[in-house]
Amino acid sequence: MSRLTSDFYKQDAVTVAEKLLGKTLVRALDDGTISQYTITETEAYLGEEDLACHASKGRTPRTEVMYGEGGHIYVYLIYGMYWMLNIVTGTVNHPEAVLIRGLDKIIGSGKVGRKLSIDKSFYGENITASSRIWINEAPDVLNITKASRIGIDYAGEEWKDKPWRFILTENEPK
DNA sequence: TGCACGATCTCG
DNA sequence: GAGATCGTGCAT
């Protein structure tokens, strides 16, 4: 299994969000422990126009990394206690990102950040070169459910209902 | 310089 | 159904 390269992350956020399903997220802790998780749920945030995307407020120290090239990590603290793990996608000056909402046996973006020991030190980390977090290639999956994004009612009618949440569903027995 | 709020979760 | 808890953006 090989690590996904920067070309993969240069695609648009919606495409990357969908393709990340089934891929393997690898986390190497400081103590040497290596854990692998299958990505099961993602959400796409696409550009300044997307009122649900943090970059809709423009370029700030916090959103800066999203304006860079895809393949870097965007983390931020929400509700004062949860670190959200995002992967920047797209090209330079296109602020896009994919939120990792769920992994195998870990459902919920807040729990993902806690379980993987994510904090602000991961801000801007290059996920194609990091030695503590990366994503491995895996075959594309077919059972994908699309849904609207969570917790963004403030984004207005046009954006809050976009089907940009992707969920990997279990194979139904035949 | 202050304030209201958020891409959440847990407990009661 | 409410509290925990704090960085950020915008108002003052």
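Naming convention: chains lettered A, B, ... in sequence-line order (proteins, then strands); numbering from 1 in each chain.
- When the C1' atom of C:dC10 is taken as reference, atom NZ of A:K57 falls 10 Å away, rounded to whole Å.
- Residue-level contact check: A:M84 touches the backbone only, with heavy atoms under 4.0 Å from sugar-phosphate atoms and none from bases.
- The distance between atom CZ of A:F166 and atom C1' of B:dA7, rounded to the nearest whole Å, is 15 Å.
- Neither OP1 nor OP2 of C:dT8 sits under 4.0 Å from any side-chain N or O of A:T60.
- Atom NZ of A:K115 is separated from atom P of B:dC9 by 13 Å (rounded to the nearest Å).
- Rounded to whole Å, atom P of B:dA7 lies 16 Å from atom CH2 of A:W164.
- Checking B:dT10, C:dG9, C:dT5 against every side-chain atom of A:Y82, the shortest atom distance belongs to B:dT10.
- Contact annotation: A:Y154 reaches the phosphate of B:dA7 (side-chain N/O to OP1 or OP2, under 4.0 Å).
- Taking the side chain as every heavy atom from C-beta outward, A:N86 and A:I100 never approach each other to under 4.5 Å.
- A:A97 and A:A13 get closest at one heavy-atom pair: O-CB, 3.8 Å.
- Following rounding to the nearest Å, A:D119 (CG) and C:dG7 (P) show an atom-to-atom distance of 13 Å.
- In the model, A:Y67 has a side-chain atom that pairs as donor or acceptor with a side-chain atom of A:E48 under 3.5 Å.
- Only the P atoms considered, B:dA4 is 16 Å distant from C:dG3, to the nearest whole Å.
- In this structure, A:I152 reaches the sugar-phosphate backbone alone: every heavy-atom distance under 4.0 Å involves primed, P, OP1 or OP2 atoms, never a base.
- Counting to the nearest Å, the C1' atom of B:dC9 and the CZ atom of A:R101 are 12 Å from each other.
- Backbone-only contact: A:G110 has heavy atoms under 4.0 Å from sugar-phosphate atoms and none from a base.
- Between A:W83 atom CH2 and C:dT8 atom P the separation is 8 Å, expressed in whole Å.
- A donor-acceptor contact under 3.5 Å links the side chain of A:Y76 to the base of B:dA7.
- Annotation: cation-pi pair A:R132/A:F122 present, NZ/CZ under 6.0 Å from the ring centroid and within 45° of its normal.
- If you measure from atom NZ of A:K111 to atom P of B:dC11, you get 11 Å, rounded to the nearest angstrom.
- Here A:R149 lies out of heavy-atom contact (under 4.0 Å) with every strand.
- A distance cut-off of 5.5 Å between ring centres, combined with a plane angle under 30°, places A:Y45 in a stacking arrangement with the base of B:dA7.
- Looking only at atom types and distance, the side chain of A:D31 has a donor-acceptor partner in the side chain of A:T33 under 3.5 Å away.
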Ring pair (Phe, Tyr, Trp, His ring centres under 6.0 Å) evaluation trace for A:H54 with A:Y45:
CA-CA 8 Å; A:H54 289 164; A:Y45 290 87; 7.2 Å; no
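- Residue whose closest nucleotide on DNA chain B sits further toward the 5' end, between A:C53 and A:R114: A:C53.
- Under 4.0 angstrom from either OP1 or OP2 of C:dT8 there lies no side-chain N or O belonging to A:H54.
- B:dA7 is unpaired under the Watson-Crick or G-U wobble criterion, no partner having all donor-acceptor distances under 3.5 Å.
- For the P atoms, the distance linking C:dT5 with B:dG2 amounts to 22 Å, nearest Å.
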